[in-house]
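This structure is a prediction, so every number in the text was calculated from the model and none was measured. A note on names: the letters A, B, ... follow the listed sequences, proteins ahead of strands, and every chain is numbered from 1.
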Amino acid sequence: MASSASSLAEEKGVKLEENPEYLVSEPPRPEYGDLSFPAFRIARPLGMKSMEAASLLAERINDALKRLSLGLASVMGGYVNVRLEAPRLASMTMEAYRRLGERFGEVPAERSLRIVVEHTSANPIHPLHIGHARNAVLGDSLARLLEARGHVVQRRFYVDDMGRQVAVLAYGLRLLGFMKPEGKPDHWIGLVYAITHTLLDIRKLKDIVDELRRNGRDEETRGKIRELDELVADASELREKEPGLFDRIADAMAKDPSPERNISRLMVLYEQGDPEVKKLFREAVEKCIEGFRETLEDRMGIRFDKWDWESDLSWSGMVGRIIEEARRSPYYTTYKGSEALDFSEIQRDPEIREKLRIPSSYDIPPLILRRSDGTTLYTTRDIAYSLYKFRDFNADKVINVIAAEQRLPQIQIRLALIALGYRREAFNLIHYAHEMVSLPGVRMSGRRGRYVSLDQLLDAAVERARIEVEKRARSMAPSEADRAARIVGVGAVKYALLSIAAQKPMTFSLEEALDFERNSAPYIQYAHARAANILAKAKEDWGEGGVEWEEASAPPIRRRLLLQASRTPYIIAKAADELRPELIVSHLGRIADIFNSWYPLDPVIQEKNRGARLYKLALVDLTRHVLAKGLHLLGIEAPEKM
RNA sequence: GGGCCCGUCGCCCAGCCAGGAUAGGGCGCCGGCCUUCUAAGCCGGUGGUCCGGGGUUCAAAUCCCCGCGGGCCCGCCA
């Protein structure tokens with residue numbers, strides 16, 4: 001339909017403003033047909049009345065459909081509606097499925113691109129929590145979608161080991177005098193970090209209180225004392241968790257006349273590559289990453305091709321070279337006494353504003369490149385890293401999956417790239433922003449050790465799934481039940497995170513994620529398992545011929561399942577091109593709904609007529625495949641049994 | 001003070017970018033369905049001033065403007 005509209009426009013020498021493909025939709029009532037096109041939308045640019053455009057377009061579409069004997073177009077109001085010839089659609093779709101096998105649904109893009117997807121990149125100072133999970137699951141799904149579209153994708157994790165937070169952790173570990181994680185290493189690291197950070201804050205606040213008191217500022221003193229009380233409460237909670245660890249760090253810190261100075265010194269020494277400090281930092285961060293990998297790779301099946309250490313980038317001289325380039329740039333300036341890049345001129349360019357999506361009346365502040373002690377800042381290092389991602393993979397496009405709160409620094413990075421003459425990179429660096437995840441009633445804080453870790457959530461989900469699996473575990477071997485529980489539990493968490501569009505803030509309710517009914521991963525997985533089960537019991541292969549394609553026409557629900565399943569390649573392409581995994585989520589939901597309504601009404605194996613039975617088997621097989629494919633693109637496994 | 005995102009049945013969400021034919025799902029609630037390919041399922045019912053107000057248009061949940069409510073950002077943190 002879309003191509004008929006395009007060619008019509010082309011002949012009239014008119015360029016349509018919008019892609020006609022976007023105008024194709026499903027009519028509101030099934031009697032109207034299977035697809036519809038609002039002809040009035042293209043009537044005006046073509047210089048026609050809407051009815052005129054509709055009948056002309058219907059004629060074109062009919063010609064095209066006739067060539068394939070695929071259906072019939074009719075005019076209704078200003079719409080052209082098409083009713084597809086189900087048997088023909090069935091044989092074409094199944095033929096493609098048989099030819100492509102497991103690849104059915106993937107449509108290669110016109111041009112295969114090299115794309116880097118950087119995601120998760122959590123600070124290596126505490127375990128992953130639900131917010132990181134949203135990032136990880138989105139990033140992983142985007143990567144899978146892009147691959148399905150024929151792009152060459154590289155997944156990278158940025159290990160941010162040069163921030164102040166890691167220095168705080170390293171300082172704490174040095175006070176502790178050893179590094180022997182008990183239990184999962186990232187959890188242990190998280191505890192050390194929280195204890196150290198909280199003790200540091202208490203120390204700082206105490207100093208402030210003393211100072212205020214000396215100056216007789218009673219009002220302010222009382223306020224600060226209240227803050228202090230809260231901190232002490234947090235500290236005692238931490239102490240309860242691990243008294244030995246806590247006291248050791250506390251005692252050692254009490255002997256240090258200036259913890260802050262020592263932390264800053266650690267940062268400087270690490271950036272300089274001091275061997276002893278380097279060993280300390282690296283060991284600490286490696287422990288944490290080890291824990292991350294256990295969660296991401298072993299438990300969630302989210303893998304990375306590269307783990308990029310921020311410090312490596314810095315030591316290699318890349319960050320230094322960026323600063324050199326900045327100094328030579330005409331936008332180099334001094335801001336608040338520090339070296340900086342000034343964007344006031346660049347951001348006046350309307351093309352740049354539009355391409356980087358900078359709001360029209362928004363003034364991007366200058367970007368400071370270095371602290372006064374000479375150490376670099378995160379954003380500066382990220383400029384180097386952005387370029388590195390393009391170069392190292394020879395990438396056409398780099399997608400950063402990063403929380404929306406980092407919008408400003410992400411814009412600054414792209415402006416900086418332009419300032420340094422890297423326009424192509426700036427325009428092909430995409431900030432895929434997602435909003436935060438909160439847990440109801442939980443005030444999370446990594447610095448205070450107050451968080452629900454992703455591991456805990458996954459444990460709860462898998463545990464819940466195990467109970468459900470055991471309820472119906474019929475003929476399942478224990479190892480099989482284990483596997484099913486893991487697939488269902490982890491799948492449910494992933495689905496919950498993917499089913500809400502990324503730009504919406506979400507409250508993650510474990511309760512709801514563990515409701516394994518409709519609109520959940522288990523619901524889709526269940527439909528898949530049922531389909532797989534029918535196929536397993538069938539002992540017949542529809543692919544060897546004898547399928548009666550006429551069976552595709554009726555009953556309506558059977559026909560609808562075919563129609564929906566056959567849209568899959570289009571949906572996958574769209575979801576990949578628009579970076580919208582949630583389109584896959586809703587497509588799977590629709591297919592599972594139709595399949596679940598269909599199969600109890602229209603038994604497959606008991607069907608007496610062989611040709612009909614084989615067609616139904618083909619339809620079950622297609623459905624099974626399409627569900628598995630979609631789940632896979634979301635990073636969710638599809639069990640054969642559950 | 002400036003900017004970004006969000007606001008749709010009691011609750012959670014889709015639809016909005018690319019305006020059109022009675023605004024869709026799920027949860028909840030009410031009532032049915034396990035001798036027939038797994039009831040994590042199916043069938044029926046209940047429920048909406050699309051945050052408010054203007055404007056553009058033959059036509060607005062969708063586009064524009066002004067408000068209101070919630071989240072986030074504006075650091076020599078990351």
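Here Arg590(A) lies out of heavy-atom contact (under 4.0 Å) with every strand. Residue contacts shown for Ala529(A) include a base, since a base heavy atom lies under 4.0 Å away. The residue Lys574(A) sits close to a base: some heavy atom pair falls under 4.0 Å. Among the protein residues, Ser597(A) comes within range of the sugar-phosphate backbone only, with heavy atoms under 4.0 Å from sugar or phosphate atoms but none that close to a base. At a threshold of 4.0 angstrom between heavy atoms, the contacts of Leu377(A) are confined to the sugar-phosphate backbone, with no base atom among them. Gly163(A) comes within 4.0 angstrom of the backbone, heavy atoms only, and of no base. As judged by a 4.0 angstrom heavy-atom cut-off over every strand, Val585(A) is placed among residues making no nucleic acid contact. As judged by a 4.0 angstrom heavy-atom cut-off over every strand, Arg580(A) is placed among the base-contacting residues.
By the 5.5 Å and 30° criteria, Tyr79(A) is stacked with the base of A21(B). In this structure, Tyr32(A) packs face-to-face on the six-membered ring of A21(B), meeting both the 5.5 Å centre cutoff and the 30° plane limit.
For the pair Asp602(A) and Lys336(A), nearest-nucleotide mapping onto RNA chain B gives the more 5' position to Asp602(A). Where Lys641(A) and Glu21(A) each meet RNA chain B at their nearest nucleotide, the meeting point lying more 5' is that of Glu21(A).
In this model, no donor atom of one side chain and acceptor atom of the other lie less than 3.5 Å apart for Gln347(A) and Ser344(A). No side-chain donor-acceptor contact under 3.5 Å links Asn81(A) and Ser74(A). Between Asp201(A) and His197(A), the side chains place a donor N or O and an acceptor N or O closer than 3.5 Å (distance only, hydrogens not considered). A donor and an acceptor atom, one from each side chain of Tyr526(A) and Asn596(A), are nowhere located under 3.5 Å apart. Remark: the Tyr332(A) side chain and the Asp342(A) side chain contain no N/O donor-acceptor pair separated by less than 3.5 Å.
Side-chain to base pairing of Ser372(A) with C76(B): one donor and one acceptor N or O lie within less than 3.5 Å of each other. For A21(B), its base sits under 3.5 Å from the side chain of Ser36(A) at one donor and acceptor pair at least. Scanning atom types as modelled, one donor and one acceptor separated by under 3.5 angstrom connect the side chain of Glu578(A) and the base of A18(B).
In this structure the side chain of Leu619(A) reaches within 4.5 angstrom of the side chain of Tyr615(A), judged on heavy atoms.
Between C12(B) and G48(B), the two C1' atoms lie 15 Å apart (nearest whole Å). Between G26(B) and A21(B), the two C1' atoms lie 26 Å apart (nearest whole Å). The C1' atoms of C29(B) and G10(B) are separated by 10 Å, rounded to the nearest whole Å. Comparing the same atom, P, in A61(B) and in G54(B) gives a spacing of 14 Å after rounding to whole Å. Here the separation of C16(B) from A60(B), taken at their C1' atoms, is 10 Å to the nearest Å. One C1' atom belongs to G69(B), the other to C77(B), and the distance between them is 30 Å to the nearest Å.
Taking the six-membered ring for Trp and the full ring otherwise, Tyr79(A) and Phe40(A) have centroids separated by under 6.0 Å.
Of the side-chain N and O atoms in Arg518(A), one or more sit less than 4.0 angstrom from OP1 or OP2 of C42(B). The phosphate of C13(B) (OP1 or OP2) has no side-chain N or O of Tyr495(A) nearer than 4.0 angstrom.
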Ring pair (Phe, Tyr, Trp, His ring centres under 6.0 Å) between Tyr385(A) and Tyr158(A), intermediate numbers included
CA-CA 9 Å; Tyr385(A) 183 46; Tyr158(A) 189 43; 3.9 Å; yes
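Distance Met506(A) CE to G70(B) P: 21 Å, rounded to the nearest Å. Rounded to an integer number of Å, the gap from Glu517(A) CD to G41(B) P is 5 Å. Separating the CZ atom of Phe516(A) from the P atom of A39(B) is a distance of 18 Å, rounded to the nearest angstrom.
Pairing of G69(B), defined by two Watson-Crick or G-U wobble distances under 3.5 Å, is identified with C6(B).
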Hey, what are the protein-to-nucleotides 4-8 of chain B N/O distances that come in under 3.5 Å?
| residue | atom | partner | partner atom | Å |
| --- | --- | --- | --- | --- |
| C4(B) | O2' | Arg407(A) | NH1 | 2.8 |
| C5(B) | O2' | Gln503(A) | O | 2.7 |
| G7(B) | OP1 | Lys504(A) | NZ | 3.0 |

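Taking the O4'-C1'-N9-C4 or O4'-C1'-N1-C2 dihedral as appropriate, C4(B) has a value more than 90° from 0 and is therefore anti.
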